[in-house]
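Data block below; observations after.
Computed from a prediction, not measured in an experiment: that's the story for all the values here. Numbers here simply count residues along the sequence, with the first being 1.
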Amino acid sequence: MTTHAPQAGQAVTLPTTLDEAVAALTAVPAAVPVAGGTDLMTAVNSGQLRPTALVGLGRISEIRSWQYQDGHALLGAGLTHARMGRPDFAALIPALAAAARAAGPPHIRNAGTLGGNIASAAPTGDALPVLAALEATLIVAGPDGRREIPVSHLLAGVEMLRAGELIGYVRVPLLHAPQVFLKATGRTGPGRAVASVALVLDPARRSVRCAVGAIAPMPLRPLDAEQWVAQLIDWDNDRAIVPEALHAFGEYVAAACIPDPAPAEDGSVQQLSPAVLHLRRTVAALARRALGRALS
């Protein structure tokens, strides 16, 4: 569950099924669920969190695997980044596998889980823009049974987890088409993104879906840019596109996610700071490269 020993007097419950975990959380509302513990223990060690009770999810085998279901992949929330980075998973959902392989050093990938990445909702979570671009949904288990919500609703705060609820599974549509995940890192930590882009093609709908991560509290979807570039792709001729459109798409995505400041009341226009301009150029480059790789 974690490499750290619990504090003295701290209650620890180790359920073996998802229903048992929900019952434990319902019985002790102050309990904190923990799987890999990569985010939780950082908060504990820094003094930001002092849980009085823990519900360990590491023994729940049903959420540590994945299966096919009606044209979707049903991913257990307990899947580790290391497991998602393997070749068999990469053949299924390439962008999510790429994000899992980029999630950090080996000890983080071996411990961190898909559900933890979603529940912690850290802006730099590598899986989040991929799930947003794939338009994944969550299956949440709680005292009142199970319900399904779009992952974007949880990340945006439109729908929150209720008392006693846990993320059990993530349902991802299988597009059988190119998918790309790219990120730029800086000095903010080992492998931590300053910007990331997930891009997937949906040939059946002749659409492009893109999500930009790390630059805002939640992944951003530049919907106008997606629709614009989808109209320029020759879907019947090897998905061809003119090079100028690739460059314009990158700029379109970057401007949508990092817009120019609104004019002041006196009509003056502020300029973006050099750091923000650099971030905008980074997003543009990532989006341009992601689309180019997906179409190649």
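- For Arg239, the CZ atom sits in a packed shell: over 12 heavy atoms of surrounding residues, nucleotides or ligands are nearer than 6.0 Å.
- Atom CZ in Arg162 sits 7.5 Å away from atom CG in Asp144 (nearest 0.5 Å).
- The closest side-chain heavy-atom distance from Val170 to Val151 is not below 4.5 Å.
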N/O donor to acceptor pairs below 3.5 angstrom from side-chain atoms of residues 126-142, sequence neighbours left out:
residue: Asp126; atom: OD1; partner: Lys183; partner atom: NZ; Å: 3.4
residue: Asp126; atom: OD2; partner: Lys183; partner atom: NZ; Å: 2.9
residue: Glu135; atom: OE2; partner: Arg221; partner atom: NH1; Å: 3.3
residue: Glu135; atom: OE2; partner: Arg221; partner atom: NH2; Å: 3.4
residue: Thr137; atom: OG1; partner: Glu148; partner atom: OE2; Å: 2.8

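- Distance check: Leu223 CG to Leu220 CG gives 10.0 Å after rounding to the nearest 0.5 Å.
- The side chain to side chain contact (heavy atoms under 4.5 Å, CB included) with Val32 is formed by just one residue from the set Val55, Leu25, Thr52, Leu54; it is Leu54.
- Nearest heavy-atom pair, Thr124 versus Ala193, reported as atom, atom and distance to 0.1 Å: CG2-O, 3.4 Å.
- No more than 12 heavy atoms of other residues, nucleotides or ligands lie within 6.0 Å of CD in Gln271, so this atom counts as exposed by the packing criterion.
- Annotation: side chain of Leu154 is in contact with side chain of Ile167 (closest heavy-atom distance under 4.5 Å).
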Please tabulate, for side-chain N and O atoms in residues 84-91, each donor-acceptor pair with protein atoms closer than 3.5 Å (sequence neighbours left out).
residue: Asp88; atom: OD1; partner: Arg83; partner atom: NH1; Å: 3.1
residue: Asp88; atom: OD2; partner: Arg83; partner atom: NH2; Å: 2.8

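- In terms of heavy atoms, Leu182 sits closest to Ala290 at CD1-N, 3.6 Å.
- Of the inter-residue distances, the one linking Leu175 atom CG with Asp202 atom CG reads 5.0 Å to the nearest 0.5 angstrom.
- The nearest pair of heavy atoms linking Leu199 to Ala294 is CD2-CB, 3.7 Å.
- Residues Ile63 and Leu18 have side chains in contact (heavy-atom distance under 4.5 Å, counting atoms from C-beta outward).
- Between Trp66 and Leu92, some side-chain heavy-atom pair lies under the 4.5 Å cut-off.
- Here Thr16 pairs with Glu20 under the side-chain hydrogen bond (donor to acceptor under 3.5 Å, both in side chains) rule; sequence neighbours left out.
- Within 6.0 Å of the CG atom in Asn237, the count of heavy atoms belonging to other residues, nucleotides or ligands exceeds 12.
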Using atom types as modelled, flag every donor-acceptor pair under 3.5 Å from a side chain in residues 278-288 to any protein atom, sequence neighbours excluded.
residue: Arg280; atom: NE; partner: Ile258; partner atom: O; Å: 3.0
residue: Arg280; atom: NH1; partner: Asp260; partner atom: OD1; Å: 3.4
residue: Arg280; atom: NH2; partner: Ile258; partner atom: O; Å: 2.7
residue: Arg280; atom: NH2; partner: Asp260; partner atom: OD1; Å: 2.9
residue: Thr282; atom: OG1; partner: His278; partner atom: O; Å: 2.9

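- Of all the heavy atoms in Ala245 and Leu232, the pair that sits closest is CB-CD1, 3.9 Å.
- By the criterion of side-chain heavy atoms lying less than 4.5 angstrom apart, applied directly or through intervening Ile, Leu, Val, Met, Phe, Trp or Tyr residues, Val180 is not grouped with Leu174; the two fall into different hydrophobic clusters.
- Counting non-hydrogen atoms of other residues, nucleotides and ligands closer than 6.0 Å to CZ of Arg147 gives a total above 12.
- Taking every heavy atom of both residues into account, Phe181 and Ala102 meet most closely at CE2-CB, 4.3 Å.
- Between atom OG1 of residue Thr26 and atom CD of residue Glu165 there is a gap of 9.5 Å, rounded to the nearest 0.5 Å.
- When side chains are defined from C-beta on, Leu166 does not count as touching Leu161, because their heavy atoms never get closer than 4.5 Å.
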Distance-only check: which donor-acceptor pairs under 3.5 Å involve side-chain atoms of residues 70-79, not counting sequence neighbours?
residue: His72; atom: ND1; partner: Asp70; partner atom: O; Å: 2.9

Original post:
How far apart are the C-alpha atoms of Asp19 and Arg146, what are their side-chain angles, what is the distance that settles it, and do they pass the side chain to side chain contact (heavy atoms under 4.5 Å, CB included) test?
Top reply: CA-CA 10 Å; Asp19 290 339; Arg146 300 188 180 186; 3.8 Å; yes
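- Under the 3.5 Å distance criterion, the side-chain polar atoms of Trp235 are left unmatched by any main-chain donor or acceptor of Arg205.
- Under the rule for a side-chain contact (heavy atoms from CB on, under 4.5 Å), the partners of Pro106 that lie at least two apart in sequence or sit in another chain are Arg109, Asn110.
- Using a 4.5 Å cut-off on side-chain heavy atoms (C-beta onward), Glu62 and Tyr169 make contact.
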Subject >> side chain to side chain contact (heavy atoms under 4.5 Å, CB included) evaluation trace for Val194 with Thr185 >> reply: CA-CA 5 Å; Val194 295; Thr185 59; 6.0 Å; no
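- Residues Ile215 and Leu291 share a hydrophobic cluster, clusters being chains of Ile/Leu/Val/Met/Phe/Trp/Tyr side chains in contact below 4.5 Å.
- Val34 and Val28 fall into different hydrophobic clusters, where Ile, Leu, Val, Met, Phe, Trp and Tyr residues are linked whenever their side-chain heavy atoms come under 4.5 Å apart, directly or through other members.
- Interatomic distance, Asp238 CG to Leu295 CG, rounded to the nearest 0.5 Å: 11.0 Å.
- Once rounded to the nearest 0.5 Å, the distance linking CD1 of Ile149 with CD of Glu159 reads 5.0 Å.
- Of all non-hydrogen atoms in Pro143 and Gly164, the two that sit nearest each other are CD-O, 3.8 Å.
- Two different hydrophobic clusters hold Ile233 and Val200 under the rule that ILVMFWY side chains link at heavy-atom gaps under 4.5 Å.
- Clustering ILVMFWY residues whenever any of their side-chain heavy atoms sit less than 4.5 angstrom apart, transitively, puts Ile118 in a cluster other than the one holding Ile60.
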